[in-house]
Amino acid sequence: MLERTLVILKPDAVQRKLCGKIISIFEDAGFNIVKAKLLTPSKDLVERHYPNNNNWFIGAGNKSISNFKEQGLDIKEVMGSEDPLEIGKTIKKWLVEYMTSGPVMAMVLEGNNAVKNVRKMCGNTIPSNADPSTIRGRFSIDSSDVANAEHRPVSNLIHASGEVDEANYEISLWFGSENV
Ligand code: GDP
């Protein structure tokens, strides 16, 4: 099924000059870049990009909690809470600060089952849990315990839409007025 998905190379990817390498990985796999731009996103854009709903907060919070558990670490000590909702809200705040801190490269990739295949190529949210053959696993070793202690999002270089509906929403959010 031919699909389109939104990919954002985050500020860490731009700063580390990894855009070319990451784009090559997608091109080598057969994806077409149908739209791309470099921009420093506004706070409003990032606020709308990462959903303001409890399911998203709880999902992000739970990822943190399980990462801490796996390593035998106490999340309350670092985050001041064990509540996934509270932890998720804090992560969103860090994400908004981080994603507006410098240029990112936003692009629309098109290809067979693009949403699922691009996510697979990105790898696990937490790079130290990501397979080394994935973009996150190959270029980062960050994890939530270190990132939480430093009050910043996990540096995982890339965002890719999680579901087809999310991709449609995100493409119109980032490129809506530009007739992709
Ligand atoms: P994604 O779809 O794989 O990007 O994951 P999410 O949508 O759950 O999280 C959005 C972003 O928040 C991630 O890409 C990370 O940059 C950051 N993030 C997710 N979980 C954590 C966490 O436990 N701690 C911190 N500090 N950042 C996180």
Side-chain angles (χ1 to χ4, degrees), residues 5-16 18 22 26 41 43 45-107 109 114-131 133-171 173-174:
T5 191
L6 184 86
V7 164
I8 303 168
L9 305 183
K10 296 181 180 181
D12 47 330
V14 176
Q15 275 158 22
R16 289 179 56 196
L18 289 172
I22 295 172
F26 289 123
K43 189 166 179 248
L45 177 56
V46 180
E47 285 278 2
R48 288 196 282 151
H49 173 80
Y50 288 109
N52 253 332
N53 73 50
N54 287 356
N55 283 347
W56 188 89
F57 294 137
I58 290 169
N62 276 331
K63 275 189 208 169
S64 240
I65 292 168
S66 58
N67 188 236
F68 271 65
K69 270 199 191 126
E70 272 162 31
Q71 302 195 55
L73 298 169
D74 181 359
I75 192 139
K76 198 164 181 194
E77 216 172 275
V78 175
M79 299 297 282
S81 170
E82 288 171 320
D83 176 7
L85 181 67
E86 284 310 308
I87 295 169
K89 285 182 177 172
T90 303
I91 291 170
K92 164 116 189 207
K93 188 177 75 122
W94 293 339
L95 275 170
V96 172
E97 280 164 14
Y98 183 61
M99 293 293 286
T100 56
S101 70
V104 304
M105 179 142 220
M107 56 194 154
L109 296 186
V115 174
K116 196 177 98 209
N117 281 325
V118 166
R119 283 286 279 203
K120 207 160 51 173
M121 289 170 71
C122 290
N124 193 290
T125 303
I126 314 293
S128 70
N129 291 346
D131 191 282
S133 63
T134 63
I135 291 164
R136 287 166 166 174
R138 177 168 166 201
F139 295 117
S140 176
I141 50 165
D142 200 23
S143 62
S144 21
D145 51 309
V146 179
N148 290 2
E150 293 177 359
H151 293 187
R152 59 167 178 80
V154 170
S155 297
N156 56 13
L157 302 154
I158 187 162
H159 165 83
S161 311
E163 306 283 343
V164 173
D165 286 354
E166 209 175 284
N168 293 336
Y169 168 74
E170 293 177 356
I171 290 169
L173 182 64
W174 288 75

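Atoms within a ligand are numbered from 1 in the order they appear, just like the ligands themselves. No experiment lies behind these values; they were computed from the predicted model shown.
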key: Between S133 and D131, a side-chain donor and acceptor under 3.5 Å   =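 Distance-only check passes for S133 and D131.
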Show me the side-chain donor-acceptor pairs of residues 93-100 shorter than 3.5 Å, one per line, residues at least two apart or across chains.
{"unit_1": "Y98", "atom_1": "OH", "unit_2": "D12", "atom_2": "N", "d": "2.9"}
{"unit_1": "Y98", "atom_1": "OH", "unit_2": "D12", "atom_2": "OD1", "d": "3.4"}
{"unit_1": "T100", "atom_1": "OG1", "unit_2": "V96", "atom_2": "O", "d": "2.8"}
{"unit_1": "T100", "atom_1": "OG1", "unit_2": "E97", "atom_2": "O", "d": "3.1"}

task = Return the protein residues near ligand 1 (heavy atom under 4.0 Å from any of its atoms), ordered by chain and residue number.
result =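 Close residues (ligand 1, cut-off 4.0 Å): K10, Y50, W56, K63, S64, I91, W94, L95, R119, T125, R136, S144, A147, N148, R152, P153, V154, N156.
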key: Any residue meeting salt bridge (Lys or Arg N to Asp or Glu O under 4.0 Å) with R152, in chain and number order, not counting sequence neighbours   =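 Testing R152 for salt bridge (Lys or Arg N to Asp or Glu O under 4.0 Å), a comparison that skips the adjacent residues, returns D142, E150.
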key: Shortest non-hydrogen contact from P127 toward N156   =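 Nearest pair, atom of P127 first, then N156: CG-CB, 3.7 Å.
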ask   = If you count the non-hydrogen atoms of other residues, nucleotides and ligands that lie under 6.0 Å from CG in L173, is the total more than 12?
value =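 Yes - once you tally the heavy atoms of other residues, nucleotides and ligands closer than 6.0 Å, there are more than 12.
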key: Pairs meeting criterion salt bridge (charged side-chain N to carboxylate O under 4.0 Å, His left out) with involvement of residues 46-63, two or more places apart   =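 Of all non-adjacent pairs touching residues 46-63, those that pass salt bridge (charged side-chain N to carboxylate O under 4.0 Å, His left out) are D44-R48, E47-K92.
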